Amino acid sequence: MSGLAATGLDRLAEQVLARSSPPARRPVAVVTGPVGTGKTTVLQELGEFAAARGARLLRATGSAAEHDIPYEVVRQLLRGAGRVHGGGGPAGGDAGPRTAAALGAVLLDLAAEGPLCVVVDDVHQADVPSLRCLAYVARRLAGEPVLLALAEAPRVRPRHPEAYAELLRAAPLHRVRLRGLTGTEVRALVAGALGAAAAGELGPDVERVGAGNPLLVDALLEDARTAPGRVGAGETFRDAALA
């Protein structure tokens with residue numbers, strides 16, 4: 001899997017959170033790649049990296065089931081900051097631009113208390129008011145110790161394309177594109193999980209069936225542990241494919 005250092009996000013976080021990058025250079029970090037390539041893991045590592053350096057970490061995840069609930073993503077972020085409690089939504093669900101701006105200002109005000117790392121997974125599933133609020137923040141990152149990091153699935157159409165495009169236009173982007181595993185990497189994983197002999201025997205089948213997708217390759221290896229000498233669509237692989 002791609003480590004944080006390999007993505008360059010560790011250097012970006014150091015620069016932004018320490019205010020050492022030029023004020024005009026406050027890009028939005030966007031982690032992109034096919035499903036199962038480790039975007040969520042990279043965001044988790046980034047959040048841990050930032051928190052270990054004294055930054056306040058706010059997390060949220062977009063959801064296909066909640067994409068039409070106003071401010072759901074922002075509610076998650078503010079709840080993490082202790083500004084919203086229970087099920088009460090910000091501004092009573094008002095989805096107007098003034099409310100989006102006001103909540104964006106609340107997020108930025110948190111930076112006055114110290115460096116801030118805002119992480120949103122599956123941002124392409126976010127609701128419109130939350131996307132507008134994040135765009136408000138992104139347009140005002142210059143000079144602030146705020147790192148805004150997003151993860152998207154590029155082959156999944158955004159639920160709200162216009163609002164999503166507005167967010168991506170709001171600031172320079174630092175794009176990190178995660179790729180699938182090479183044949184050499186797959187064989188190394190097989191060897192590490194099942195032994196060197198299995199790498200030669202099962203490696204080609206794992207590479208073919210898993211198609212270089214880390215999530216599917218890991219599932220195949222887990223199934224192979226319970227059915228030695230065979231690569232097939234076992235229970236773990238089926239669950240991974242459905243996920």
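Numbering of residues begins at 1 and proceeds along the displayed sequence. Every value quoted in this text rests on a predicted model; they were computed, and no experiment measured them.
Note that the OG atom of S63 and the CG atom of D121 stand 11.0 Å from one another [nearest 0.5 Å]. Atom NE2 of residue H124 and atom CD of residue E152 lie 8.0 Å apart, to the nearest 0.5 angstrom. L4 contributes atom CG, which lies 9.5 Å from atom CZ of R11 (distance to the nearest 0.5 angstrom). T32 OG1 to L150 CG: the interatomic distance, rounded to the nearest 0.5 Å, is 11.0 Å. Rounded to the nearest 0.5 angstrom, R132 CZ and D127 CG are separated by 10.0 Å. Considering CG of L134 and CG of L103, their distance stands at 10.5 Å, rounded to 0.5 Å.
The shortest side-chain heavy-atom distance between E14 and F49 falls under the 4.5 Å cut-off. You'll find the side chain of L216 stays beyond 4.5 Å of the side chain of V209, heavy atoms only. The closest side-chain heavy-atom distance from T7 to L46 is not below 4.5 Å. Under the 4.5 Å side-chain criterion, counting only non-hydrogen atoms from C-beta, V120 is not in contact with L58. Residues V118 and V137 are not in side-chain contact: their nearest non-hydrogen atoms beyond the backbone lie 4.5 Å or more apart. Within the 4.5 Å cutoff, side-chain heavy atoms of V190 are placed close to those of L221. Side-chain contact between V123 and L131 is present, with heavy atoms from C-beta onward closer than 4.5 Å.
The shortest heavy-atom contact between G33 and T37 is C-OG1, 3.7 Å. Counting all heavy atoms, side chain and backbone alike, A111 lies closest to P145 at O-CG, 4.1 Å. The two atoms that bring L43 and A151 nearest to each other are CD1-CB, 3.4 Å, heavy atoms only. The shortest non-hydrogen separation linking V186 to G203 is CG1-O, 4.2 Å. Taking each heavy atom of K39 and L178 in turn, the nearest pair found is N-CD1, 3.6 Å. Residues P27 and L173 share a closest heavy-atom pair of CB-C, 4.2 Å.
Salt-bridge annotation for R139 and E166: present, with a side-chain N of the basic residue lying under 4.0 Å from a carboxylate O of the acidic one. A salt bridge links E222 with R225: the distance from a Lys NZ or Arg NE/NH1/NH2 to an Asp or Glu carboxylate oxygen falls below 4.0 Å. Ion pairing between E72 and R75 holds under the 4.0 Å rule for side-chain N and carboxylate O.
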* Could you check Q44 against R59 for side chain to side chain contact (heavy atoms under 4.5 Å, CB included), going step by step and ending with a plain yes or no? => CA-CA 9 Å; Q44 289 173 343; R59 303 177 189 263; 4.2 Å; yes

* Asked: Is there a side chain to side chain contact (heavy atoms under 4.5 Å, CB included) between L107 and Y136 once you walk through the steps?
  -> CA-CA 10 Å; L107 289 173; Y136 177 94; over 6 Å; no

* To do: Using the side chain to side chain contact (heavy atoms under 4.5 Å, CB included) rule, take Y71 and T99 through it: C-alpha gap first, then chi angles, then the decisive distance, then the call.
  => CA-CA 10 Å; Y71 295 107; T99 304; 3.3 Å; yes

* Verify side chain to side chain contact (heavy atoms under 4.5 Å, CB included) between L9 and H174, making sure each step is shown before the conclusion. => CA-CA 9 Å; L9 290 177; H174 177 94; 3.6 Å; yes

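Around the CD atom of E162, the shell of radius 6.0 Å holds no more than 12 heavy atoms that belong to other residues, nucleotides or ligands.
Here the side chain of H67 pairs no donor or acceptor atom with the backbone of H160 at under 3.5 angstrom.
In the model, T61 has no side-chain atom that pairs as donor or acceptor with a side-chain atom of D122 under 3.5 Å.
Checking each of L57, L17, L110, L147 against P115 for a side chain to side chain contact (heavy atoms under 4.5 Å, CB included) leaves exactly one that passes, namely L17.
V128 is not connected to L168 by any chain of hydrophobic side-chain contacts under 4.5 Å among Ile, Leu, Val, Met, Phe, Trp and Tyr, and they are in different clusters.
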